[in-house]
Amino acid sequence: ILLHIGSSVYAADLLNTLQYPTVDGIYLGTMVFGFDDVRAATRDNSHCFYTNNELAAAGIAYKEISPTGTVDTLFKFVSYDKEPVTPAVPAANAVFSFSPVAEVSFAYNAETARYYKTEYGNPQMDEAVGEQVSYTNVLLLSCPVTLKADGLVSHFDFTAGEGFYLTRGGLQKVTWKKGVVENPLTVYGEDGTELPVNVGTSYVAFVDERVLAATLKVDGASPYTAD
């Protein structure tokens, strides 16, 4: 079930074609989304809308969407009864950019076995709990990015690509494939088999292949030039 406020023509066409259940704040407004007036004093309005369990449930009920269904896992996870996998190449810090606007960085904390995220030069905070956002796994996946026919909307080619997997202070090169929108994302290790991902929270970023190659630094060096 997708909750959103408006969409591009391309997204709307895709959602209609696939018949995904959606709740659009353009039509349901404050029934589904709240507005943070305090945040609006320093941020653009588009960064100030939010939802929560109660608001989301109200929108889902109004649209008469069934909240039940199957749950699919995104990755092939390491079994709970097995030890987490630690890649051999050290990776305590990673820095990259989506665009020239700002860098995104992750710093590994061995005590918590998590990567802590910084953006725009400041720790990115989870305002609900007052803590810095952190992840067990970080996947930085590259793909070709061009513009759609209108010359304004970005087009991400999700056919296949390469990338890097960071977890438990280590780095591993990976490849991935997806294809058409109905297909799941599959990530592969260097041996060509499906990557076993450690159980926990995961940050997944698809980045323009040219930009990732030019900006990614792991422990101060480009992993693209590593042997």
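Just so you know, residue 1 is the first one in the sequence shown, and it goes up from there. Values in this document were obtained by computation on a predicted structure and should not be read as measured data.
- Each ring pair (Phe, Tyr, Trp, His ring centres under 6.0 Å) pair with one or both residues in residues 108-142, not counting sequence neighbours, appears once here: Tyr108-Tyr115, Tyr135-Tyr203.
- Heavy atoms only, all atoms of each residue included: Arg168 and Val85 are closest at CD-O, 3.7 Å.
- Taking each heavy atom of Asp219 and Ala92 in turn, the nearest pair found is OD1-N, 2.9 Å.
- Across Ala91 and Leu166, no two heavy atoms sit closer than the pair CB-CD2, 4.0 Å.
- With hydrogens and angles disregarded, a donor-acceptor distance shorter than 3.5 Å links the side chain of Trp176 to the backbone of Glu162.
- With a 4.5 Å cut-off on side-chain heavy atoms, Ile1 and Lys63 do not count as touching.
- The side chain to side chain donor-acceptor pair (under 3.5 Å) check on Thr136 picks up Arg114, with sequence neighbours excluded.
- In this structure, the side chain to side chain donor-acceptor pair (under 3.5 Å) partners of Glu119, at least two apart in sequence or on a different chain, are Lys117.
- Nearest approach of Leu3 to Ala56, heavy atoms of both residues: CD2-CB, 3.5 Å.
- Side chains of Asp44 and Ser46: a donor-acceptor N/O pair is present below 3.5 angstrom, by distance only.
- Classification of the Phe156-Phe158 ring pair by plane angle, with boundaries at 30° and 60°, yields parallel.
- Between Gly189 and Gln172 the shortest heavy-atom distance is CA-NE2, 3.4 Å.
- Taking Asn45 as the reference, nothing meets the side chain to side chain donor-acceptor pair (under 3.5 Å) condition, with sequence neighbours excluded.
- For the pair Thr167 and Pro87, the minimum side-chain heavy-atom distance is below 4.5 Å.
- Within the structure, ring pair (Phe, Tyr, Trp, His ring centres under 6.0 Å) contacts touching residues 1-33 (residues at least two apart or in different chains) do not occur.
- For Lys76, there are no side chain to side chain donor-acceptor pair (under 3.5 Å) partners at least two apart in sequence or on another chain.
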